[in-house]
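All remarks here apply to the structure that follows.
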Amino acid sequence: MKIGITCYPTYGGSGVVATELGKELAAKGHQVHFISYAFPHRLQHFVENVFFHEVEISNYPLFEHSLYGLALTSKMLEVIKYEKLDLLHVHYAIPHATSAYLTKQILKKENSDIKVITTLHGTDITLVGLEPSFLPLVKFSIEESNGTTAVSRFLKEKTLTNYNIESDIKVINNFIDTDLFSPMPNELLRNKIAPNGEKILIHTSNFRPVKRVPDTIKILTEVKKEIPAKLVLIGDGPERSECERLVREMNLAKDVFFLGKQDVLQEILNIADIFLLPSQSESFGLSALEAMSCGVPVVCSSVGGLPELVRHNETGYIAEFGDTSRMAKYVIDLLTNDKKFNAFSKNARLRAIEHFDKKIIVPQYEKYYEEILNQD
Ligand code: GMT
């Protein structure tokens, strides 16, 4: 099969899922063409059967604002025609699903067609898409896709109700390479962060307000009252400066490590005892799955798709969003009970392997592609 994949190429979860999917499909013999404004960061180097087509953005002086959606449409048209694609799979509805719709319409005028699948990831539905100016466009673009998938049951239900969508949505969960993200003790790195045997809490995100990163600092403060602990924060984004300010103000500079954007996440996740995800909104929580796959139990909020991923009292703990005291209690509970901690760690790893391994999920996409291609 020849598949075009459009995604945001940088650090967001949707781009990670799209790129890993493309790599897996290519390894299975499909030809994959990424169409985006930059080289997907998880692609890193040459991969057989994978091609990259960069969307060129015109600098014409009249266009004060970037015409990305239109430039993307032009590139989609070009790649579909010349590479003879069977299918276009776009990740994140805005503006990708709309560009794909426009591409389809132009092709129809030329007596040609392309099947479009849109995968909904999160904020395209729960945040940006709900803005009144975007809502009708997102609804239309989803309904005009030949197929739509959502990364959790929560996201499917949210889309059906909030947008009053008439077409069906298939749930295909996010996935992980459980061989790559696996338990690998790294005492050297661990000792650098926690030289006196302190426990290590970790959080990775894009530091957007929905992630509630300051809550991880509040949790650390509570935990430190009972157990010596450190907090490692990975990633970057709009709230990072505020978090750094908070850390200075609370005199925690020696206990909180801001590592910025990191490429080899699995190595750092492996030094952690607990992964924190206190988000206000989270359609799936890929970062939590990455931690679970490394055998790190998760303490998170009860929002969105997180309860579909994290099993309360089994692979981690779930608390009301914003209830940092309860989250801290859960962390202390786990970190002071070795037997329970080891069981949770084993359960977390097992859940990743049994339900979210790439070997289980990628064939679900392939099957769905066949289904859509065989539709009239
Ligand atoms: O939060 C991000 O880093 C990006 C964001 C997005 O909208 O692209 O992630 C969403 O997609 C991920 C991959 O499917 C999910 O694991 C995240 O839960 C989801 N983020 C939110 O819902 C806030």
Side-chain angles (χ1 to χ4, degrees), residues 5-22 36-38 40-42 89-97 117-131 134 138 142 148-159 162 169-177 181 203-213 215-216 233-240 260-262 265 275-293 298 300-310 318 321 352 355-356 358 361-362 364-365:
I5 294 185
T6 285
C7 63
Y8 284 107
T10 48
Y11 282 78
S14 58
V16 169
V17 172
T19 314
E20 295 298 339
L21 175 63
S36 189
Y37 64 83
H41 112 95
R42 279 277 179 117
H89 186 177
V90 300
H91 292 257
Y92 205 92
I94 308 169
H96 304 153
I117 293 178
T118 298
T119 289
L120 309 172
H121 279 273
T123 47
D124 45 351
I125 291 302
T126 55
L127 214 67
V128 205
L130 283 179
E131 283 176 21
F134 273 134
V138 172
I142 293 172
T148 305
T149 76
V151 297
S152 61
R153 288 197 305 277
F154 156 81
L155 194 60
K156 171 180 171 166
E157 293 311 321
K158 198 88 189 150
T159 312
N162 284 3
I169 296 178
K170 184 162 181 65
V171 176
I172 302 184
N173 289 138
N174 286 335
F175 60 91
I176 186 100
D177 180 341
F181 285 83
H203 167 83
T204 70
S205 78
N206 49 21
F207 282 64
R208 281 187 298 175
V210 285
K211 299 289 178 181
R212 301 274 297 203
V213 189
D215 281 4
T216 64
L233 295 172
I234 301 172
D236 213 325
E239 296 247 287
R240 175 164 168 185
K261 288 177 181 172
Q262 292 286 332
L265 272 181
F275 185 86
L276 299 175
L277 197 56
S279 309
Q280 180 171 2
S281 166
E282 200 68 67
S283 70
F284 180 86
L286 183 65
S287 55
L289 176 58
E290 289 172 339
M292 286 166 67
S293 189
V298 173
C300 64
S301 54
S302 56
V303 302
L306 284 174
E308 293 172 47
L309 173 65
V310 178
I318 298 175
F321 144 70
H355 296 273
F356 303 103
K358 63 180 188 180
I361 306 292
V362 176
Q364 294 179 19
Y365 274 113

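Atoms within a ligand are numbered from 1 in the order they appear, just like the ligands themselves. Side chains included, hydrogens not; waters and symmetry mates left out as well; all remaining heavy atoms used. The model shown is predicted, which means the values in this text are computed figures rather than measured ones.
Atom NE2 in His121 sits 10.0 Å away from atom NE2 in His96 (nearest 0.5 Å). Atoms NE2 and CD1, from His355 and Ile176 in turn, are 15.0 Å apart once rounded to the nearest 0.5 Å.
Atom numbering of ligand 1 starts at 1 in the shown order; those under 4.0 Å from a heavy atom of Gly122 are 22 (O). Atoms of ligand 1 lying under 4.0 Å from any heavy atom of Tyr92, numbered from 1 in the order shown and given with element: 6 (C), 7 (O), 8 (O). The distance from ligand 1 to the heavy atoms of Ser281 drops below 4.0 Å at these ligand atoms: 23 (C). Atoms of ligand 1 found under 4.0 Å from any heavy atom of Val151 (numbered from 1 in listed order, with element): 14 (O). Each of the following atoms of ligand 1 lies closer than 4.0 Å to a heavy atom of Lys211: 1 (O). The contact set between ligand 1 and Gly285, taken as ligand atoms under 4.0 Å from a residue heavy atom, comprises 15 (C), 16 (O), 17 (C), 18 (O).
Shown here are the salt bridge (Lys or Arg N to Asp or Glu O under 4.0 Å) partners of Asp215, two or more places apart in sequence or in another chain: Arg212, Lys218. Here His89 pairs with His91, Tyr365, Tyr369 under the ring pair (Phe, Tyr, Trp, His ring centres under 6.0 Å) rule; sequence neighbours left out.
Side-chain N/O atoms of Thr123 and Tyr92 include a donor and acceptor closer than 3.5 Å.
For the pair Thr126 and ligand 1, no heavy-atom separation below 4.0 Å is found.
Remark: Lys358 engages Asp177 in a salt bridge, criterion side-chain N to carboxylate O under 4.0 Å.
When non-hydrogen atoms are compared, ligand 1 lies under 4.0 Å from neither the backbone nor the side chain of Tyr8. Only the side chain of Asn206 comes within 4.0 Å of ligand 1, counting heavy atoms alone; its backbone N, CA, C and O stay farther away.
Among Leu286, Asn174, Leu120, the residue whose heavy atom lies nearest to atom 13 (C) of ligand 1 is Asn174. Around atom 1 (O) of ligand 1, the closest heavy atom drawn from Glu282, Glu290, Arg208 belongs to Arg208.
More than 12 heavy atoms of other residues, nucleotides or ligands sit less than 6.0 Å from atom OH of Tyr37.
For Phe356 and Phe284, the gap between ring centers is short of 6.0 Å.
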